[in-house]
K.L.:
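Sending over a structure as structure tokens; questions will come in a sec.
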Amino acid sequence: MIGIDFSGRKKLYEIGTLREVCFQCSVCALHCVVQNVEGYDIRNTFVYDVFGSDDPDHHRALWTCSGCHKCHEVCPQDVNPARVIDDLREQSFKNGCAPSYVYDLARLVIRTGMAFPVTRRTLKEREKMGLQPIETAAAGEIRQIAGITGLLDKIEAAQEKDKSEDRGQGEKQDD
Amino acid sequence: MTDIKIPEKRYAFFLGCLIPARFPRFEYLARVLFPKLGVELVDIEGFSCCPDPVRFKGADQLTWIVLAARNLALAQQAGLPIITICPTCAMTLMTANHELQRNPDLLRKVNGVLEKTGRHLDGPVEVKHFMKALYEDLGTHRLRDAVERPLSFLHIAYHGGCHENNPVDIVQFDNPFNPRKSGELLEALGAHPVDYLEIGCCGSPLSLDGKMSDSHKIMKSKTEDMVHHGAGAMAVGCASCFQQFEIGQTMAIRGGIMGAGIPVFHFLELMGLAMGLSLEETGLGGHKIKNGKAWEGVVSLD
């Protein structure tokens, strides 16, 4: 029998996307790539593990999901786990608990308008093929948008949290 | 070589990030091949990252949909439907269309932000990834007519990736659990599509999250299944899947997790080969997994 930790479940209700109707049939696990991460089996699926987590902000595989939505397609109860995961990720990001590569990605998109860094090698390759250099004209506008939506503040708050945690660690070591 | 035709269809050409930054060859191929099929790809100044519907969306959903709406607004201003060469970009833009259409309050909120930057989105914009555009707007017959060298030596498994068909009600292309249209497009190039059982993700999100051995396990079981069903090579329509299979297989082989691996081709590379481009122009020289009859067949084309 699988137990559910209700404190985590309460958090999900607060966000508002968890549907009561999930009856743990495990069908979502059939096509789930995260399911292959060590430790999950058909009676303890990734989706239950997230739904029942007492600390979803730090869940070990929260950011591994590829968002393929197959869990949603096959769900007989029309629960949308991908949507729940999006909402939980947003909370985890806001609380400064997302992996550092996610903050780096957000910063990169704001700074350059692109989600991948452009290397000198790529630029050379592009030139050889007669392709235009990559323009980053949108970056100023994206920064403005991220300021209005509050994303910049979230990134800054996470950075501050990181710094104060580092200081805390340092003080502990000094003791 | 097929002559460039008078364009019958015009699209705003959405490149995304991964292809121009890591795989510019696929961009090059699209720019060379689509005009031969009567398609004009129009560059739109100011397109940005779609943005990524997995990690960036998880970071902040409002910024995600505003940036997607900004890209849609740019195409709308140009009066053109969007074609992407990345299925994931198409999924982001289609999802944004869908959400904004069914939620007028959200559209107002998004426009409230956009208007501060001098932009506005007025209703949905047609968006298709290149496989959907090839199938629905051009048709397999158009592709078949443009083939100069049928790839009849290729018994090939197609890996659709996460977002070519999902979410079904938004992307509206093919059945993700039993896709047929990608196979028909491969047949149009003269190749023989091979059915296989595995339909899930390539494992690239596991690699990105640092879970390399799990990622390699997924890739191994997938490619073994393809070989078991008679495939000598595999094709993908997603550059991220290409990266996972091409670089991931190389790493897994080096680490002793996999045997020889199988050659992986992007659909645009196969189009290039079939439509008469040289191996060099198609960029196949740079591939890492070069083995078996499939690769011998490809090399013998030049």
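Lettering of chains follows the sequences in order, A, B, ..., and the numbering in each one begins at 1.
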K.L.:
With a 4.5 angstrom heavy-atom cut-off, is it the side chain or the backbone of B:Leu206 that approaches chain A, or both, or neither?
P.N.:
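Contact with chain A is through both the backbone and side chain of B:Leu206.
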K.L.:
Nearest 0.5 Å, please: how far is CZ in A:Arg89 from CG in B:Asp60?
P.N.:
14.0 Å
K.L.:
Which value, rounded to the nearest 0.5 Å, describes the distance between B:Leu67 atom CG and A:Thr149 atom OG1?
P.N.:
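Interatomic distance, B:Leu67 CG to A:Thr149 OG1, rounded to 0.5 Å: 7.5 Å.
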K.L.:
Less than 4.5 Å to any heavy atom of chain B: does that hold for the side chain of A:Val37, its backbone, both, or neither?
P.N.:
both
K.L.:
With no hydrogens and no angle check, do the side chains of B:Gln61 and A:Asp87 hold a donor and an acceptor under 3.5 Å apart?
P.N.:
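Judged by distance alone, the side chains do pair up.
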K.L.:
Please flag which part of A:Tyr103 lies under 4.5 Å from any non-hydrogen atom of chain B: side chain, backbone, both or neither.
P.N.:
neither
K.L.:
Salt bridge or not between A:Glu90 and B:Lys57? Use side-chain N to carboxylate O under 4.0 Å.
P.N.:
no
K.L.:
Quick one: what part of B:Val66 sits under 4.5 Å from any heavy atom of chain A, side chain, backbone, both or neither?
P.N.:
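Interface part for B:Val66: side chain.
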K.L.:
Sub-4.5 Å heavy-atom contacts with chain B: which residues of residues 63-72 of chain A show up?
P.N.:
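Those residues of residues 63-72 of chain A which have a heavy atom under 4.5 Å from chain B are A:Trp63, A:Thr64, A:Cys65, A:Ser66, A:Gly67, A:Cys68, A:His69, A:Lys70.
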K.L.:
Under a 4.5 Å heavy-atom cut-off, does chain B meet the side chain of A:Ala98, its backbone, both or neither?
P.N.:
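Contact with chain B: none, neither part.
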K.L.:
Return yes if some donor-acceptor pair links the side-chain N/O of A:Glu73 with the main-chain N/O of B:Val168 below 3.5 Å, else return no.
P.N.:
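Yes: the side chain of A:Glu73 pairs with the backbone of B:Val168.
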K.L.:
Can you tell me how far the NZ atom of A:Lys154 sits from the OG1 atom of B:Thr63, to the nearest 0.5 Å?
P.N.:
6.5 Å
K.L.:
Distance check, rounded to the nearest 0.5 Å: B:Leu114 atom CG versus A:Ile145 atom CD1?
P.N.:
5.5 Å
K.L.:
Which region of A:Ala61, side chain (C-beta onward) or backbone (N, CA, C, O), has a non-hydrogen atom less than 4.5 Å from a non-hydrogen atom of chain B, or is it both or neither?
P.N.:
both
K.L.:
With respect to chain A, which residue among B:Pro51, B:Cys49, B:Gly203 yields the maximal number of heavy-atom pairs within a distance under 4.5 Å?
P.N.:
B:Cys49
K.L.:
Could you look at A:Phe93 and say if it's the side chain, the backbone, both or neither that has a heavy atom under 4.5 Å from chain B?
P.N.:
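Side chain only.
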K.L.:
Sort B:Asp52 into side chain, backbone, both or neither according to what part of it lies under 4.5 angstrom from a heavy atom of chain A.
P.N.:
side chain
K.L.:
Do you know which of B:Tyr28, B:Phe56, B:Phe177 has the most heavy-atom pairs with chain A at a distance under 4.5 angstrom?
P.N.:
B:Phe177
K.L.:
Counting heavy-atom pairs under 4.5 Å to chain B, which of A:Val118, A:Leu151, A:Leu105, A:Leu62 comes out on top?
P.N.:
A:Leu151
K.L.:
What is the distance from atom CG of A:Asp104 to atom CZ of B:Arg55, rounded to the nearest 0.5 Å?
P.N.:
13.0 Å
K.L.:
Would you mind checking if A:Arg126 and B:Glu27 are paired as a salt bridge, meaning a charged N to carboxylate O distance below 4.0 Å?
P.N.:
yes
K.L.:
Can you tell me how far the NZ atom of B:Lys116 sits from the CD atom of A:Glu141, to the nearest 0.5 Å?
P.N.:
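Taking NZ in B:Lys116 and CD in A:Glu141, the distance rounds to 14.0 Å.
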K.L.:
Examine whether an atom of B:Arg25 lies under 4.5 Å from a heavy atom of chain A, and if so say whether it belongs to the side chain, the backbone or both; otherwise answer neither.
P.N.:
both
K.L.:
Select, from B:Ala59, B:Pro167, B:Gly200, B:Pro205, the one with the greatest count of heavy-atom pairs under 4.5 Å involving chain A.
P.N.:
B:Ala59
K.L.:
Salt bridge check: are A:Arg83 and B:Glu99 linked by an N-O gap of less than 4.0 Å?
P.N.:
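So A:Arg83 pairs with B:Glu99 through a salt bridge.
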